[in-house]
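The structure under discussion appears below in the form of structure tokens.
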Amino acid sequence: MSDFLMFSLVPLTVAIIICMSCALLGNFLVLRRQSLIGDAISHVALPGIVASFLLTGTLASSAMMLGAGVSALFTVAMIELIRRLGRVENSAAMGVVFTSLFALGVLMLEWNEVGTVHLDVEHALYGNLESLIWFEGTSVASLFDTQALSDLPPQLGRVAWMGALVAAFVVVFRRGLVLASFDADFAASVGARPTLVGLLLVLMVAVAAIAAFEAVGAIIVIAMFICPAAAARLMTNHLASQIAFSQLIAVVSAVLGYVLAGYGPGWLGFSVSLSAAGMIATLSGGLLLLACLFGPYRHRREPLG
């Protein structure tokens, strides 16, 4: 029990919160056919996060959020510049800018050798759930010891606040999210402000992606935004059921992915372990594949995202 509390409780809890939060937002991205917004944000946020660390020397959430925000504004300006000067389609300009900025972020990580603070290419891509060790978690009594609880990894508190913020956003703006996701024109006609709701949704996706960056990486989080929600979309034709399915798939992916990453190779006779975040993403993709093959609404004609 002490080993579980010390080595597995925090990373497993962090993984569950991140998966559920991303899946909750992912439902509305899928309905709005904007699934790859998470991909775009993850690409453009990386150089901003690295630059903020190089300038401030800290991985504080406020610094990362500011860096990612500046990077996003720069991205918008570059897309518009390339579109006008190159006379190319908007999608082509976006593809050039997204991939270029992500490559720049990777190069900045390599050139500046910041791996000593758990900010390097490996952690940026796959995260580092395994490092979230609770050293004071030696017994069940530690769960009720304020001094032991104060030693919990700070990432847990950050993702907990993010999860609460995402849940509050969906509850408060539920009407606008639902109406805008199915019919933006009707939403505007009844005063649901679909443009504002859409901007807030993108903002929340950015908040979730940045909060998840340190634990699961900038790229793995994409699977968490898309796979549970897309799989749930193939399981039901009702929004409430879809959200419930997505949360279930997110929890199953997080728990089984973490267990398989740590113990799966040992069951096969190998004395190694795998990346927990990578296994979680792989399992969520596998569940999406099963939904595509056997889901009751797999023959739905409209695209998933």
Side-chain angles (χ1 to χ4, degrees), residues 20-45 65 68-84 87-95 97-98 162-211 221-222 224-247 250 297 299-305:
M20 293 183 69
S21 301
C22 291
L24 184 57
L25 295 173
N27 283 289
F28 300 101
L29 294 179
V30 168
L31 290 173
R32 296 163 70 96
R33 302 182 183 180
Q34 296 177 339
S35 299
L36 290 181
I37 280 183
D39 177 40
I41 290 174
S42 297
H43 276 75
V44 304
M65 183 70 72
V70 172
S71 181
L73 293 176
F74 178 76
T75 300
V76 173
M78 286 299 298
I79 290 173
E80 186 64 18
L81 182 65
I82 292 175
R83 188 182 68 82
R84 290 190 177 185
R87 297 181 180 179
V88 297
E89 293 184 1
N90 194 54
S91 58
M94 290 172 62
V97 174
F98 289 162
M162 179 272 292
L165 187 61
V166 168
F169 166 73
V170 172
V171 170
V172 172
F173 292 95
R174 181 180 182 278
R175 177 175 177 269
L177 284 169
V178 172
L179 292 177
S181 296
F182 288 101
D183 192 335
D185 293 334
F186 176 73
S189 69
V190 297
R193 298 183 179 181
T195 302
L196 174 62
V197 171
L199 291 174
L200 290 175
L201 176 61
V202 172
L203 176 62
M204 291 309 305
V205 170
V207 169
I210 294 170
V221 72
I222 298 169
M224 298 181 180
F225 275 121
I226 299 175
C227 292
R233 183 76 177 122
L234 295 171
M235 299 299 296
T236 181
N237 204 31
H238 300 280
L239 180 58
S241 300
Q242 177 183 323
I243 292 175
F245 268 118
S246 71
Q247 296 298 281
Y297 289 89
H299 299 301
R300 190 192 307 271
R301 292 193 175 188
E302 67 268 22
L304 289 175

Measure the [atom1]-[atom2] distance between [X] and [Y] for me, rounded to the nearest 0.5 Å.
{"X": "R233", "Y": "L239", "atom1": "CZ", "atom2": "CG", "answer": "8.5 Å"}
{"X": "M204", "Y": "M162", "atom1": "CE", "atom2": "CE", "answer": "8.5 Å"}
{"X": "N27", "Y": "Q247", "atom1": "CG", "atom2": "CD", "answer": "7.0 Å"}
{"X": "L200", "Y": "R193", "atom1": "CG", "atom2": "CZ", "answer": "10.5 Å"}

- Item | Any donor-acceptor N/O pair, Q242 side chain to A232 backbone, under 3.5 Å | no

For [X] and [Y], which heavy atoms make the closest approach, and how far apart are they?
{"X": "L177", "Y": "V170", "answer": "CD1-CA, 4.0 Å"}
{"X": "L25", "Y": "A208", "answer": "CD1-CB, 4.1 Å"}
{"X": "S21", "Y": "V166", "answer": "O-CG1, 3.8 Å"}
{"X": "A229", "Y": "A23", "answer": "CB-O, 4.1 Å"}
{"X": "L179", "Y": "F186", "answer": "CD2-CE2, 3.9 Å"}
{"X": "A187", "Y": "A180", "answer": "CB-N, 3.8 Å"}

- Query: Does any non-hydrogen side-chain atom of F28 lie less than 4.5 Å from one of I243?
  - Reply: yes

- Task: Measure the shortest side-chain to side-chain distance between L201 and F173 over non-hydrogen atoms and say whether it is less than 4.5 angstrom.
- Result: no

